[in-house]
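Worksheet: the structure to be examined is printed underneath.
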Amino acid sequence: MYLITVLGNLLITLAVSSDSHLHTPMYFFLSNLSLVDICFTSTTIPKMLLNIQTQSKAISYAGCITQTYFLIIFAGLDNFLLTVMAYDRFVAICHPLHYTVIMNPRLCRLLVLVSWTIIVSLFYGAGLGVYLSSAGTHSSQSSATASVMYTVVTPMLNPFIYSLRNRDIKRALKRFFGMQVQRAQSP
């Protein structure tokens, strides 16, 4: 599941960056969401896989704090990017004639920058406090199941839900891999 998550999101990022037809606000945000999903799952899954392999649940205090810090940052960033994507679609649907003026490249970069700035300030303090204070209030089985759902399953499904069913992304991936094959075959 981790490999599918990383590969699917990486393919979206490559398709968007390699195809000039996809250099639009919607795909810019999808590419950022894919990058964040890779980072989000990479904060916990490698350690979880190591724990499963070694049959150990031990983690150092510094490792736990570091993992929690990045998990909160990327979870918050994921939420803010989804909000920005919703705003982008709102403008596209409700103000189609003004879309290119409103959603200009400068605003898109600003919205992504604001999203990144708000995973650091808002979620770091509040999320870390909640996470550390409520360690003994939930059962470990239900917490583990919930953790797997939002750290593994959701980021794995995002490429399928948001992009890989999209005609433009499929076309861009075909062009990308077609170009790669042509480069490998040419002298």
Side-chain angles (χ1 to χ4, degrees), residues 1-2 4-44 69-131 146-147 149-180:
M1 289 173 68
Y2 177 65
I4 291 170
T5 301
V6 172
L7 182 62
N9 285 299
L10 188 60
L11 285 174
I12 291 168
T13 303
L14 288 172
V16 171
S17 64
S18 68
D19 191 334
S20 61
H21 295 97
L22 300 181
H23 292 178
T24 64
M26 180 177 82
Y27 292 111
F28 175 70
F29 297 134
L30 280 173
S31 177
N32 275 278
L33 181 67
S34 294
L35 177 64
V36 170
D37 280 344
I38 290 170
C39 295
F40 178 70
T41 58
S42 296
T43 60
T44 55
Y69 172 78
F70 285 107
L71 183 73
I72 291 169
I73 284 177
F74 293 125
L77 182 54
D78 215 33
N79 291 329
F80 284 111
L81 283 173
L82 289 171
T83 302
V84 167
M85 290 169 64
Y87 175 71
D88 174 66
R89 294 296 81 202
F90 164 78
V91 172
I93 293 168
C94 295
H95 304 287
L97 299 177
H98 299 291
Y99 179 75
T100 56
V101 175
I102 295 171
M103 295 305 292
N104 61 62
R106 184 172 181 254
L107 179 64
C108 292
R109 287 190 298 271
L110 180 65
L111 288 171
V112 168
L113 179 65
V114 167
S115 294
W116 278 90
T117 304
I118 288 176
I119 306 158
V120 173
S121 60
L122 180 64
F123 280 93
Y124 178 75
L128 188 61
V130 169
Y131 182 80
S147 296
M149 288 302 290
Y150 74 79
T151 60
V152 180
V153 176
T154 303
M156 181 186 76
L157 294 177
N158 277 347
F160 300 106
I161 294 168
Y162 291 109
S163 298
L164 294 179
R165 292 182 52 205
N166 182 305
R167 235 178 328 163
D168 296 330
I169 292 287
K170 286 180 184 177
R171 201 173 309 128
L173 286 171
K174 286 178 184 176
R175 272 188 241 142
F176 177 77
F177 286 115
M179 289 188 320
Q180 297 298 333

* To do: Please report the C-alpha distance between Arg89 and Met26 in whole Å, then the side-chain angles of each, then the deciding distance to 0.1 Å, and finally whether the side chain to side chain contact (heavy atoms under 4.5 Å, CB included) criterion is met.
  => CA-CA 8 Å; Arg89 294 296 81 202; Met26 180 177 82; 3.6 Å; yes
* Could you give me the CA-CA distance, side-chain angles and deciding distance for Phe80 and Val114, then say whether side chain to side chain contact (heavy atoms under 4.5 Å, CB included) is met? => CA-CA 9 Å; Phe80 284 111; Val114 167; over 6 Å; no
* To do: Would you please test Thr41 and Phe74 for side chain to side chain contact (heavy atoms under 4.5 Å, CB included) and show each step?
  => CA-CA 9 Å; Thr41 58; Phe74 293 125; over 6 Å; no
* Verify side chain to side chain contact (heavy atoms under 4.5 Å, CB included) between Ile102 and Tyr87, making sure each step is shown before the conclusion. => CA-CA 11 Å; Ile102 295 171; Tyr87 175 71; 3.9 Å; yes
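Pairs passing the salt bridge (Lys or Arg N to Asp or Glu O under 4.0 Å) check and including a residue from residues 14-27, sequence neighbours excluded, read Asp19-Arg175. Under the salt bridge (Lys or Arg N to Asp or Glu O under 4.0 Å) criterion, no residue pair touches residues 7-18, with sequence neighbours excluded. Within the structure, salt bridge (Lys or Arg N to Asp or Glu O under 4.0 Å) pairs that include any residue of residues 91-104 do not occur (at least two apart or interchain).
Relative orientation of the His98 and His95 rings is tilted, given thresholds of 30° and 60° on the angle between their planes.
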Show me the side-chain donor-acceptor pairs of residues 6-17 shorter than 3.5 Å, one per line, residues at least two apart or across chains.
from	atom 1	to	atom 2	distance (Å)
Asn9	OD1	Ser34	OG	3.4
Asn9	ND2	Thr5	O	2.8
Asn9	ND2	Pro155	O	3.4
Thr13	OG1	Asn9	O	3.1
Ser17	OG	Thr13	O	3.0
Ser17	OG	Leu14	O	3.2

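Annotation: salt bridge (Lys or Arg N to Asp or Glu O under 4.0 Å) contacts of Arg171 (sequence neighbours excluded): Asp168. Listed by chain and number, the residues in a ring-ring contact (aromatic ring centres under 6.0 Å, His included) with His23 amount to none (sequence neighbours excluded).
In this structure the side chain of Asp37 reaches within 4.5 angstrom of the side chain of Asp78, judged on heavy atoms. The shortest distance between side-chain heavy atoms of Phe29 and Leu82 does not fall below 4.5 Å.
Rounding to the nearest 0.5 Å gives a distance of 8.0 Å between CZ of Arg109 and CG of Asn104.
Minimum heavy-atom separation, Tyr99 to Pro25: OH-CB, 3.4 Å.
Using a distance-only test at 3.5 Å, with no hydrogens or angles considered, a donor-acceptor pair links the side chain of Asn32 to the main chain of Phe28.
Inspection of the Tyr2 and Ser42 side chains reveals an N or O donor paired with an N or O acceptor under 3.5 Å.
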